[in-house]
Amino acid sequence: MRDCKKNSRKLWYSNLLGNEPVLDENGDETGDTKPVYGIPIPFKASVSPGKGNAYADVFGTNLDYTRSISTTQKLPITEESLIWCGSMPIISSDNSFDWKTADYTVAGIADGPNQLVVALKARKKNA
């Protein structure tokens with residue numbers, strides 16, 4: 001299956017690298033951890049206008065998601081990945097970025113031999 005190039009848009013994904021401990025003002029560990037994500041990587045994919053119907057849903061009927069994207073590229077996206085769709089991630093000169101600005105989290109992945117379809121769930125920003 002091929003992608004229609006005119007329907008593709010530029011998106012970014014960032015994969016979870018792990019968790020690091022949260023430090024207090026004295027540099028001591030608090031017992032909490034925070035996620036660490038890799039630098040957002042651009043890719044092109046077709047984005048659905050909204051949630052599909054259960055009878056035509058490649059992810060089944062119990063998955064809660066907002067939109068889906070599809071591409072013929074082989075991408076290392078996982079269910080812990082973040083996706084920027086409506087906005088571009090701001091990456092500073094020291095390669096740091098605010099992962100909390102991501103538009104979507106990955107809710108499910110359907111990986112076939114010719115196409116990758118990813119279900120996206122909208123994130124609450126500034127919550």
Side-chain angles (χ1 to χ4, degrees):
M1 181 179 284
R2 294 184 181 199
D3 279 342
C4 185
K5 286 186 181 182
K6 73 178 186 175
N7 293 337
S8 293
R9 42 194 291 204
K10 191 171 185 178
L11 309 168
W12 291 263
Y13 73 90
S14 179
N15 288 334
L16 181 66
L17 300 177
N19 291 307
E20 67 180 22
V22 175
L23 304 178
D24 64 12
E25 61 276 354
N26 298 324
D28 298 323
E29 291 186 17
T30 63
D32 293 331
T33 60
K34 63 181 180 179
V36 177
Y37 286 92
I39 296 173
I41 300 169
F43 70 102
K44 291 228 173 210
S46 296
V47 181
S48 73
K51 188 172 178 177
N53 295 325
Y55 63 85
D57 196 347
V58 297
F59 301 104
T61 57
N62 293 327
L63 185 64
D64 183 25
Y65 69 100
T66 310
R67 301 176 93 172
S68 64
I69 58 173
S70 64
T71 183
T72 56
Q73 297 177 33
K74 292 294 181 190
L75 300 171
I77 292 176
T78 66
E79 291 198 6
E80 293 87 17
S81 298
L82 299 176
I83 306 288
W84 284 262
C85 181
S87 61
M88 182 174 134
I90 308 296
I91 303 171
S92 62
S93 59
D94 65 349
N95 286 336
S96 64
F97 66 97
D98 186 5
W99 61 268
K100 295 177 184 175
T101 62
D103 299 308
Y104 297 97
T105 56
V106 174
I109 300 171
D111 191 9
N114 299 319
Q115 188 173 23
L116 174 69
V117 181
V118 180
L120 303 177
K121 182 167 176 83
R123 298 183 75 236
K124 292 181 182 177
K125 293 186 183 180
N126 301 325

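Sequential numbering from 1 along the given sequence is applied to the chain's residues.
By the 4.5 Å side-chain criterion applied to Ile, Leu, Val, Met, Phe, Trp and Tyr, V36 is assigned to a cluster that also includes L17.
Counting heavy atoms from C-beta on, the side chains of I69 and L120 come closer than 4.5 Å. Between V106 and I83, the closest side-chain pair of non-hydrogen atoms falls below 4.5 Å.
The two residues I109 and I77 come nearest to each other via the heavy atoms CD1-O, 3.3 Å. Pairing each heavy atom of F97 with each of I39, the nearest pair is CE2-CA, 3.8 Å. Here the shortest heavy-atom pairing between A45 and L11 reads CB-CD1, 3.8 Å. Across all non-hydrogen atoms, the minimal contact from K121 to A107 is CB-CB, 4.3 Å. The nearest pair of heavy atoms linking C85 to R67 is SG-NH1, 4.2 Å. The shortest non-hydrogen separation linking L75 to F43 is CD1-CD1, 3.4 Å.
In this structure, D103 contributes its side chain and S87 its backbone to a donor-acceptor pair below 3.5 Å. Judged by distance alone, with hydrogens and angles left aside, the side-chain atoms of D32 form no donor-acceptor pair with the main-chain N or O of V22 at under 3.5 Å. Remark: side-chain polar atoms of T105 are not paired, donor with acceptor, to backbone N or O of R123 under 3.5 angstrom.
Legend: salt bridge (Lys or Arg N to Asp or Glu O under 4.0 Å) pairs involving residues 104-120, not counting sequence neighbours, sorted by first then second residue: K74-D111. Applying the side chain to side chain donor-acceptor pair (under 3.5 Å) test to pairs two or more places apart or on separate chains, those with a residue in residues 9-19 are N15-S81.
Listed by chain and residue number, nothing satisfies the side-chain hydrogen bond (donor to acceptor under 3.5 Å, both in side chains) test with E79 (two or more places apart in sequence, or in another chain). Remark: E20 pairs with K34 by the salt bridge (charged side-chain N to carboxylate O under 4.0 Å, His left out) rule, at least two apart or across chains. By the side-chain hydrogen bond (donor to acceptor under 3.5 Å, both in side chains) test, S96 pairs with S92, D94, sequence neighbours left out.
Tracing side-chain contacts under 4.5 Å through hydrophobic residues (I, L, V, M, F, W, Y), one never reaches I41 starting from I90; they form parts of separate clusters.
To the nearest 0.5 Å, the span separating OG1 on T72 from NZ on K44 amounts to 12.5 Å.
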